[in-house]
Q: 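What follows is a structure written as structure tokens; I'll ask about it next.
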Amino acid sequence: MIHGPTRLEGSVPTATAKNAVLPILAACLLTEEPCIIRDVPLLEDVRTMAKLLRSLGVAVELRKHTMRISAAGNIERTATYDIVRKMRASYYVLGPLLGRFGDARVSLPGGCAIGPRPVDLHLKGIAALGAEVNLEHGYIHATGRPLRGGTMLLEGASGPSVGATANTMMAAVLADGETVIEAAACEPEVVDLAGFLTAMGAKIEGHGTPVVRIRGVKRLHGADYRPIPDRIEAGTLAVAAAITRGNLEITGCEPEHMVSVVDRLRQSGATVEAGKRRLVVSAERRPAPVTLATAPYPGFPTDLQAQFTALLSFGHGTSVVTENVFEARFLHALELNRMGAKIDINGRTAVIQGMEYLSGAQVMASDLRASAALVLAGIAARGETEVQRIYHLDRGYESLEQKLGALGAKIERVSY
Ligand code: EPU
């Protein structure tokens, strides 16, 4: 329940990146030695990944924000439908299980609220390493031992794939010989995974560019690692400052990972000061119209499209937002319209006619970033907003209502 409008002000820390932590946790399967991962965010998706690893026989201990993971002893090779259907990132165990044991069975994920999310590129990647891939009873069964290095182009209709690049890297680090991934995803989370694999003894070059080269090694060892800050959480907080015409200092973030986001915020008229591991964002007026199109990194992230759509709903003029990564990622727009926004969706494009104000309403979250967008809109809108299905929010934001509440938002989690 949110009561608006309020202006947010103060200083807020950034959590560690969910989308860096999830593949890194899966990568711990690549060694029998223990790994320590620090500053792990306490999110539903992280709990699901821990549950998946435990179901495989991995020892996972969490103390405060530090996770100790040991994949010694007997490790199962099957990720069941029950877990995969809850979280697509469960797919990240495919590469490491195959790489280390030559055998992995992972349930095919089902539908997804943000549109079709095929796994063909993941399968293309491991097939290029010599794995035999079969679909049986709803499961992908991949086998191959030893895997051998190969060259592959991992480009889909929407460009590179974060997940397929990460999975293929994890399968290739223990393969015989050299692997070359062309059209690799350049996202900071992929670079961070390469950083972790390198800390485990892997030989990787070119991460962060479209051509990644991996020289297989015989074995990997344990590592102690702190993943990168969450650029999407930091971006969500930056939008919170702009949408409430407030003033927020966002600490512990990495502005270098947020260049396109800072650029669009400035275009909207917000003042953004980017320092070392910190951003200060403030706004005084309704946002100016902005044209933006999501794209693979370093382009504008799809994971901030919903939050920007909410911001531009309060704009002074007409904005155009094009979603190029996930074709059906606009369900939040329909909910924002219930709050008085004027958003027309035409295929992959949203035309947003800015309104002076939105009014609170009962709305329904459809996915993680959509729920963040509705919460931000609720803080800036007049009156009461009730955001339902906030379990989506808990998948990727740790206690967001507490963070926003400490900055002045009138927001409360209500259990029914
Ligand atoms: N694609 C294919 N074939 C594949 C894999 C992907 O065609 O085999 C397509 C997808 O359908 C999409 C595009 O390629 O059109 C990019 O998808 P990608 O594989 O890069 O996405 P992902 O790895 O499934 C990760 C994040 C998403 C984020 C995207 C894009 C994780 C756990 N998830 O997903 O995060 O939107 O990259 O940056 O890292 C979120 O955090 O809310 C979230 C959805």
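Numbering of ligands and ligand atoms starts at 1, following listing order. These figures come from a predicted structure and were not determined experimentally.
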Q: What do you reckon, does R329 put a non-hydrogen atom under 4.0 Å from ligand 1?
A: yes

Q: Using a strict 4.0 Å threshold on nitrogen-to-oxygen distance, state whether E256 and R277 make a salt bridge.
A: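 No.
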
Q: Between F308 and F300, is a ring-ring contact (aromatic ring centres under 6.0 Å, His included) present by the stated rule, with each step listed?
A: CA-CA 10 Å; F308 266 72; F300 188 89; 4.9 Å; yes

Q: So, R148 and D176, do they make that salt bridge, N to O below 4.0 Å?
A: no

Q: Have Q307 and Q305 got a donor and an acceptor in their side chains that come within less than 3.5 Å?
A: no

Q: I'd like the name of whichever of N324, N19, L154 reaches closest to atom 31 (C) of ligand 1 through any heavy atom.
A: N19

Q: Short list, please: which atoms of ligand 1 are under 4.0 Å from a heavy atom of V325?
A: 12 (C), 15 (O), 16 (C)

Q: Could you list which atoms of ligand 1 come closer than 4.0 Å to a heavy atom of V162?
A: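 Those qualifying, in numeric order: 18 (P), 19 (O), 20 (O), 23 (O), 37 (O).
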
Q: Can you list the steps and then say if Y397 with T236 is a side chain to side chain donor-acceptor pair (under 3.5 Å)?
A: CA-CA 10 Å; Y397 294 92; T236 302; 2.8 Å; yes

Q: Using a heavy-atom cut-off of under 4.0 Å, does the side chain or the backbone of D120 touch ligand 1, or both, or neither?
A: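 Near ligand 1, D120 shows its backbone as well as its side chain.
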
Q: If we only consider heavy atoms of S158, is any one of them less than 4.0 Å away from an atom in ligand 1?
A: yes

Q: Does ligand 1 have an atom that lies less than 4.0 angstrom from a heavy atom of P118?
A: yes

Q: In this structure, does ligand 1 have an atom that sits under 4.0 Å from one of the heavy atoms of R88?
A: no

Q: For A350 and I343, work out which heavy atoms get closest and say how close.
A: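 Result for this residue pair: CB-CG2, 3.9 Å.
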
Q: Quick one: which ligand 1 atoms are inside 4.0 Å of a heavy atom on G163?
A: 19 (O), 23 (O)

Q: For ligand 1, which atoms sit closer than 4.0 Å to a heavy atom of L121?
A: 2 (C), 3 (N), 4 (C), 8 (O)

Q: Salt bridge between R231 and E189, side-chain N to carboxylate O under 4.0 Å?
A: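 Between E189 and R231 there is a salt bridge, with a charged N closer than 4.0 Å to a carboxylate O.
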
Q: Hey, does R369 sit under 4.0 Å from ligand 1 if you only count heavy atoms?
A: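 The answer is yes, since R369 has a heavy atom less than 4.0 Å from ligand 1.
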
Q: Is it true that E323 and R329 have a side-chain N and a carboxylate O under 4.0 angstrom from each other?
A: no

Q: Heavy atom of K18 under 4.0 Å from ligand 1?
A: yes

